[in-house]
Protein chains: 2
Amino acid sequence: MPAGSLSELEGVALGIVQKRKRCTAYAVRRELKQSPSTHWRASAGAIYPLLERLERGGLLASTKDSVDGRGRRHLQVTVDGKKALRTWIFEGLDPGVVASVFDPIRSRAFFMDVLSRRQRQKFVEDSIGALERYLETTRAHLAEGERDSVEYLANLGAVYEAEARVKWMKKILESA
Amino acid sequence: MPAGSLSELEGVALGIVQKRKRCTAYAVRRELKQSPSTHWRASAGAIYPLLERLERGGLLASTKDSVDGRGRRHLQVTVDGKKALRTWIFEGLDPGVVASVFDPIRSRAFFMDVLSRRQRQKFVEDSIGALERYLETTRAHLAEGERDSVEYLANLGAVYEAEARVKWMKKILESA
DNA sequence: CGATGCATGTAAGCTGTTACATGATTGC
DNA sequence: GCAATCATGTAACAGCTTACATGCATCG
């Protein structure tokens, strides 16, 4: 919404267009799909109406000559869009938003005591394995970006978090 | 769903009832509300139908004498429910689930370059402040649980993650 | 020229939220 | 006795997903 504040996915989508200067809806979908986080499936049913909404709200614009033979419409972030993006970024510092990190492994760890000793051990060990594989892919993503680019710095956060999760699970393994 | 697999919220709700042995829907809501993660608002419109669904599916049961004068129905996890809970826990090791961590600060950090030098500095510094306040509340939660309880160990994960996020943001501050 | 992939979009469904309604209990 | 809170529920809505439909382009 232009009047209200941007949703998470709206902010991210707007940011992706901004980063690419000019791109199609499909490119936004692809980038979301390829991102290491699987939080969003980048479904067509979400992306296309969302970008339309942003365009109607004046945060995105597509010039006439932006439609090529295949019917692809190239989008650009407007001045208002940039402003909205900045506002959205600062909104993230809201306590409610900061605390809304979500870790499915941790959600499950809370209920480990329904597992037998052996199952619990297996759960923790397998978690470490899964996390280490995940860590590898996030590190690979990190290597792609050039150092000191915002992309590198942002991905660094994913690596730090994944490392912390591994360290945490190893601590649990010790105490068992 | 009893036949299929549990959703995230279903797993968590079932786990909360299991942990308490026997509790009302309201107690589940309250625990979700008071949890340090604000990922779920624990809205009545979600919890009550969800618990009904689990009961119809045979994962939860409420005995007749469980209804007290105030109409509170006390729920218990059935044998099938315990089995479903264990399955759900192990399902979390699925790569798609492991990778679905979601950090709103990191989402925003990807697009920091739309900010001016000063704005960016402010964003990072304010983020550190917000994260440190969040870290304080997660540490407080940690102190409540007795050491070596699963609750303590699970909350430890939240602390590790929050520490990693602070460390990450301070790293960004250095490189600016 | 036919298969595969690019690209856009829509319809139906699920899940969760907000906001409201209702009544019973507790505390002052 | 009245306010606040406990406790359960419902209706309307918002957002995202799956699954489908469509057409163009590219490559063998």
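The structure presented is a predicted model; accordingly, all values stated were derived computationally and were not measured. Here is how names work: the chains are called A, B, and so on, in the same order as the sequence lines, proteins then strands, and each is numbered from 1.
- In this model, the phosphate group of C:dT18 is approached by a side-chain N or O of B:R41 to a distance below 4.0 Å at OP1 or OP2.
- Here the C1' atom of nucleotide C:dC6 and the OH atom of A:Y26 are 5 Å apart, to the nearest Å.
- The side-chain contact (heavy atoms from CB on, under 4.5 Å) search around B:E31 returns B:I16, B:K19, B:R20, not counting sequence neighbours.
- A search for side-chain contact (heavy atoms from CB on, under 4.5 Å) contacts involving A:A44 returns A:R29, A:Y48, not counting sequence neighbours.
- Rounding to whole angstrom units, CG of residue B:L50 and P of C:dT15 are separated by 9 Å.
- The aromatic rings of B:F90 and A:F123 stand perpendicular to each other, their planes meeting at an angle above 60°, with 30° marking the opposite boundary.
- By the side chain to side chain donor-acceptor pair (under 3.5 Å) test, A:N155 is found to be paired with no residue, residues two or more places apart in sequence or in another chain being considered.
- With rounding to whole Å, B:H39 atom NE2 is found 9 Å from C:dT17 atom P.
- Applying the ring pair (Phe, Tyr, Trp, His ring centres under 6.0 Å) test to A:H141 and every residue at least two apart in sequence or in another chain returns nothing.
- The interatomic distance linking A:K33 (NZ) with C:dC6 (P) rounds to 9 Å, in whole Å.
- End-to-end axis angle for the helix from C:dC1-D:dG28 to C:dC28-D:dG1, using five pairs per end and rounding to 10°, comes out at 20°.
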For nucleotides 9-14 of chain D, print each protein N/O atom paired with a nucleotide N/O atom at under 3.5 Å, atom names and distance only.
residue, atom, partner, partner atom, Å
D:dT10, O4, B:G45, N, 3.4

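- Protein atom CH2 of B:W40 is 19 Å distant from nucleotide atom P of C:dC14, rounded to whole Å.
- For A:V77 against A:V17, the heavy-atom pair with the smallest separation is CG2-CG1, 3.8 Å.
- The nearest whole Å value for the distance from the CG atom in A:L51 to the P atom in D:dG15 is 14 Å.
- A salt bridge links B:E8 and A:R108; the closest N-O separation between the charged side-chain nitrogens and carboxylate oxygens is under 4.0 Å.
- Summarising the geometry of B:P49 relative to B:G45, their closest heavy-atom pair is CG-O, 3.2 Å, with the distance given to 0.1 Å.
- If you measure from atom CD of B:E8 to atom P of D:dT17, you get 14 Å, rounded to the nearest angstrom.
- Taking atom CD on A:E55 and atom C1' on C:dT8, their separation rounds to 14 Å, with Å as the unit.
- Ionic pairing of B:R73 and B:E52 is not present here: no N-O contact between side-chain nitrogen and carboxylate oxygen is shorter than 4.0 angstrom.
- Picking from C:dG16, D:dT17, C:dT8 the nucleotide with the shortest atom distance to the side chain of A:S43 gives D:dT17.
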